[in-house]
Amino acid sequence: MNDREQSLTQGNIVSFLGEIFERRGGGEYLGEPVTMAEHMLQGAAIAEAQGEPEEIIVAALLHDIGHFTSEFGTFRMDDTEDRFHEDAGAKVLERFFPKIVTDCVRFHVAAKRYLCATRAEYFDLLSAASVHSLMLQGGKMSPDESAMFEKNPNIEAIIKVRYLDDAGKDPEMDTPDFAHFAPMVQRVVDRHLPQQS
Ligand SMILES: [Fe+2]
């Protein structure tokens, strides 16, 4: 953990995340026609419009935060392939967010592999870039892997966030910015952690 991560608290985690959106979110999103920030904001906005619980909206908002790997000190010069952004994101978030949120982040790639194995129509929904990364990520799950995956008590939430991930790639969609979601992110943190005096 780097110094910046060490200094994160219940009181500054939300502005830390907001700064990441602001400074880094304009970057390209892996060959999709939207930026990283647009992609995550779209997932969150769709979740909000569907009336999903705040934990789901926040998970969609933060699911790819681990792509900003240098923020989290996980980037290494000898990395050649998949940097397991889902783990990097979940690791920073788990100090502040409930397991339902971190499971949705940690397993959003696994959920793609699971859905490809278990729902015939799901594969057609994937963008070309997502199909490409699927190969790097291990392809569809085997029956044994799928059976294991189904044991996660948060599987419904994980799958829901995966569909929000796939939906958030629309170059025409307008969304609110991070500031709109910030109070909700703080509420999810505050419900999870004991209040600071
Ligand atoms: Fe994503």
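In listed order, ligands and their atoms are each counted from 1. All heavy atoms count here, side chains included; hydrogens, waters and symmetry mates do not. All figures in this text were calculated on a predicted structure; none of them were measured in a lab. Numbers here are sequence positions counted from 1.
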Exercise. Does Glu145 reach the main-chain N or O of Ser142 with its side chain, forming a donor-acceptor pair under 3.5 Å?
Worked result: yes

Problem set entry | Electrostatic pair Glu19:Arg24 at N-O distance under 4.0 angstrom | no

For this session: Could you tell me how the ring of Phe21 sits relative to the ring of Phe178: parallel (under 30°), tilted (30 to 60°) or perpendicular (over 60°)?
Result: tilted

Seminar exercise, completed: Sequence neighbours excluded, the answer for salt bridge (charged side-chain N to carboxylate O under 4.0 Å, His left out) partners of Lys140 is none

Exercise. Are Tyr114 and Phe107 an aromatic pair by the rule of ring centers under 6.0 Å?
Worked result: no

For this session: Going by the side-chain contact (heavy atoms from CB on, under 4.5 Å) test, name the single residue among Val105, Leu193, Val185 that passes it with Phe97.
Result: Val185

Exercise. In the shown structure, where waters are left out, how many protein N, O or S atoms lie under 2.8 Å from the Fe ion (ligand 1)?
Worked result: 5

